Amino acid sequence: MSTDIEQADVVIVGARCAGTAAAVPLARAGHKVIVIDKAKFPADTMSTHVLVPNGVQELQFMGALQKILALNPSRSRYLTLHDDDGLEVKERFTPFSGIDYGLCVPRDQQDVLLVESARDAGADVRERTGMTEVVWRDGRAAGVRCKTREAEYEIQAKLVIGADGRKSRVAAEVDAWTPYRASKNGRGFAFRYVDDPRGEDAPSAFQIFRAHGNQVLVLPSCPAGRTLVVNMTDAAKIPGIRADPDASWQEMLDLDPALDDRIGDATNLSRLIATDNLSAYYRRSSGPAWALAGDAGHFKDPVTGNGMRDALKFGRLLGEAAAVTVHDPAELDLALRDWEAARDADTISTYHWGNRESRPGPSTPLVREVLRTFSGNDAPNLSDTFNRARPVEAIITPGRMLKGLVNALRAPDADRRSILREVVAELPAEIGARRHRLLDGFRSTRSAGTERDGWDVGSGQPPSWRPAAIADDDRATPLAGAAQSAAL
Ligand SMILES: Cc1cc2nc3c(=O)[nH]c(=O)nc-3n(C[C@H](O)[C@H](O)[C@H](O)COP(=O)(O)OP(=O)(O)OC[C@H]3O[C@@H](n4cnc5c(N)ncnc54)[C@H](O)[C@@H]3O)c2cc1C
């Protein structure tokens, strides 16, 4: 095995959303950036892939948007919600940077173009290259050891960025593996791709169907005419879904006639992919000459559709902050800490909202009435929660909740006791989320009412990198996306 040592300004582990977004500004500023990933792209990963305009603009910032649009994805300009008691919401997305549509491009197709954009900017992206350990000098991260099938070598750098996802080996190496706050997710995801019965005339909308405690997303995908259907259901149902995917699919359609009407006639169904491993968390994400970007540092319930947006945005901001400080260790460490604090301030509302939304079970009369306050006008309110135009607490305001409460209590068949019990139970969560955003300090560990015990982000240490992991990634490639639909 070779024991060569190479020099770089920055080494980044992970070449998807966070890693490529961080690499672009660093490389554009003229720094020597090496990005390593154990995968060979195109490669799929366990993820659906909604991006609303606020996230799509990040693709534009990194120079990937035109390449992605060349894949002919559907552009979704609306968010709609249909509840089984007849509630209908339709809102047009608030535009960002002139972009008024969302995208939903399978990860194998999208991420290979992110890698291409990082290379276009000047980053040296190395595939099939795994990080095995972080190298330290004088208490500072000083590089990584990496391994390919043929060689093992060291890359020395002034900054090590872990953009290596939820099972971040970098997080373990910098002793940040165990989150300082986390929440168990009560929901699981089961998703598949279908040929949309409405073809290229499918509504230009990300659609949410709610019925009997299930939430199903219908997401026009890529190429136009291919659609992603995501069943966000009780996590306890995931083993049953895995055991009999077709029966669970039919059960999902039977629960909701409106959903059945929308996609019941879909054809060319891909296999159903399911997971119940979705605990939300924050890890300590910066230290001497290291940072954890994207899921390596923070993850939240994917129902929020914001994981990629945050990985792209805070990857970019990390790259921009490091681009001007990387040669000064003291300045760099301060910039990394400020970056982490800014990420937390920006993401905390959505984290708590995701925790609330990831409780399984049917909508209560109170929740339905609060949701009903969004219907009847076209203003982007509910969609702004996904689009991050405002913090969630500025959208689901006390006034809106009070209006929902009054309407729920006034309903002719209202069970007023149970509604009031729910108010008492929910208050700590509402107050805790607001307190956390406005008052609690950096890396606060004071738990808020939205958080649930029993979270699990793995067994304390991620699995060691080994060549077999490459083979796993390769096998993942045909799981999703339009390109492989015919085979499924
Ligand atoms: C079921 C599910 C559904 C989701 N749906 C959505 C959605 O609709 N919209 C949305 O915005 N977000 C969604 N997310 C979240 C989204 O997937 C993540 O937030 C996003 O992928 C984070 O990007 P990342 O770059 O941080 O990490 P990742 O995408 O996880 O990439 C990490 C990379 O690091 C590499 N790597 C790992 N270890 C090593 C190592 N030791 N050496 C070298 N390379 C390594 C991996 O090969 C991988 O390529 C979903 C997540 C899940 C689980």
Side-chain angles (χ1 to χ4, degrees), residues 11-23 35-52 54-56 58 102-108 110-112 114-115 125-134 144-148 161-173 185 187-191 206 217 219 221 228 230-232 238 273-280 292-315 318 347 350 354 386 388 462-466 469-470 472-474 476 480:
V11 63
I12 301 175
V13 183
R16 292 187 190 263
C17 304
T20 54
V35 189
I36 62 171
D37 200 301
K38 63 187 182 186
K40 168 91 181 102
F41 294 98
D44 201 6
T45 187
M46 171 54 87
S47 175
T48 59
H49 30 76
V50 172
L51 273 179
V52 291
N54 194 322
V56 176
E58 293 297 330
L103 295 175
C104 183
V105 178
R107 294 294 297 267
D108 55 342
Q110 172 190 276
D111 292 1
V112 70
L114 302 184
V115 167
V125 185
R126 301 179 187 178
E127 301 172 52
R128 291 183 183 269
T129 305
M131 195 241 17
T132 53
E133 61 187 278
V134 169
V144 297
R145 285 201 66 74
C146 44
K147 200 172 175 181
T148 66
I161 296 178
D164 49 344
R166 290 185 289 165
K167 292 183 179 168
S168 169
R169 181 145 197 86
V170 177
E173 288 285 309
N185 195 322
R187 285 184 188 270
F189 265 46
F191 58 95
F206 293 148
L217 304 178
L219 307 163
S221 183
L228 173 63
V230 187
N231 184 5
M232 296 180 295
I238 295 295
I273 302 166
T275 180
D276 54 4
N277 175 13
L278 295 167
S279 288
L292 300 177
D295 285 4
H298 162 57
F299 183 77
K300 58 197 154 296
D301 181 7
V303 68
T304 62
N306 272 250
M308 292 193 300
R309 176 268 192 191
D310 285 333
L312 290 164
K313 175 174 177 177
F314 287 96
L318 174 60
T347 55
T350 308
F386 295 92
R388 302 278 280 279
S464 324
W465 182 85
R466 60 194 193 288
I470 289 175
D472 290 346
D473 277 352
D474 286 350

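Numbering of ligands and ligand atoms starts at 1, following listing order. All values reported here derive from a predicted model rather than from experimental measurement.
Between atom CZ of residue Phe189 and atom CG of residue Asn231 there is a gap of 9.5 Å, rounded to the nearest 0.5 Å.
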After noting the C-alpha distance and the side-chain angles of Lys40 and Glu127, does the key distance pass the salt bridge (charged side-chain N to carboxylate O under 4.0 Å, His left out) rule?
CA-CA 5 Å; Lys40 168 91 181 102; Glu127 301 172 52; 3.6 Å; yes
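Residue contacts with ligand 1: Thr45 is placed with no nitrogen or oxygen under 3.5 Å of a nitrogen or oxygen of the ligand (distance criterion only). Ligand 1 has a nitrogen or oxygen under 3.5 angstrom from a nitrogen or oxygen of Cys17. Considering backbone and side-chain atoms alike, Ala18 places an N or O below 3.5 Å from some N or O of ligand 1. Any N or O atom pair closer than 3.5 Å counts here, and Met131 shares at least one such pair with ligand 1. Polar contact with ligand 1: present for Gly307 (N/O pair, distance under 3.5 Å). Inclusion of Gly19 in the set of residues having an N or O under 3.5 Å from an N or O of ligand 1 is not warranted. The shortest N or O to N or O distance between Arg169 and ligand 1 is not under 3.5 Å.
Counting heavy atoms from C-beta outward, Leu51 and Glu58 have side chains that stay 4.5 Å or more apart.
Annotation for Gly354 and Thr304: closest pair CA-CG2, 3.6 Å, computed over non-hydrogen atoms. Taking each heavy atom of Met46 and Ala274 in turn, the nearest pair found is CE-O, 3.8 Å. Among all heavy-atom pairs drawn from Gly102 and Val56, the shortest one is CA-CG2, 4.1 Å. For Leu292 against Ser168, the heavy-atom pair with the smallest separation is CD2-OG, 4.1 Å. Ile161 and Ala293 make their closest contact through CG2-CB, 4.2 Å (heavy atoms, listed as atom of the first residue, atom of the second, distance). When all heavy atoms of Cys146 and Ile36 are compared, the closest pair comes out as CB-CD1, 3.9 Å.
Taking all heavy atoms of Arg107, Met232, Arg128 into account, the minimum distance to atom 21 (O) of ligand 1 is reached by Arg107. When the options Gly14, Gly297, Ala163 are ranked by their closest heavy atom to atom 32 (C) of ligand 1, first place goes to Ala163. Taking only non-hydrogen atoms, the option from Asp295, Val50, Asp37 nearest to atom 22 (C) of ligand 1 is Asp295.
Below 4.0 Å from some heavy atom of Gly294 lie the following atoms of ligand 1, by number and element: 26 (O). Distances below 4.0 Å separate heavy atoms of Met46 from the following atoms of ligand 1: 52 (C), 53 (C). Residue-ligand proximity, Gly130 to ligand 1, at heavy-atom distances under 4.0 Å covers atoms 42 (N), 43 (C). Taking every non-hydrogen atom of Gly305 and a distance limit under 4.0 Å, the qualifying atoms of ligand 1 come out as 9 (N), 10 (C), 11 (O).
Here Ser47 has heavy atoms under 4.0 Å from ligand 1 in both its backbone and its side chain.
Ligand 1 has Thr275 within reach: a non-hydrogen atom of the residue lies less than 4.0 Å from it. Judged by the shortest distance from any of its heavy atoms, Leu51 lies outside the 4.0 Å radius around the atoms of ligand 1. Contact annotation: Arg166 has at least one heavy atom less than 4.0 Å from an atom of ligand 1. The closest approach between Thr129 and ligand 1 falls below 4.0 Å for a heavy atom of the residue.
A side chain to side chain donor-acceptor pair (under 3.5 Å) with Arg309 holds for exactly one of Asn54, Thr350, Thr347; it is Asn54. The side chain to side chain contact (heavy atoms under 4.5 Å, CB included) test with Leu278 is passed by exactly one of Lys300, Met232, Arg166: Arg166.
With Thr20 contributing its side chain and Val115 its backbone, the two residues share no donor-acceptor pair below 3.5 Å.
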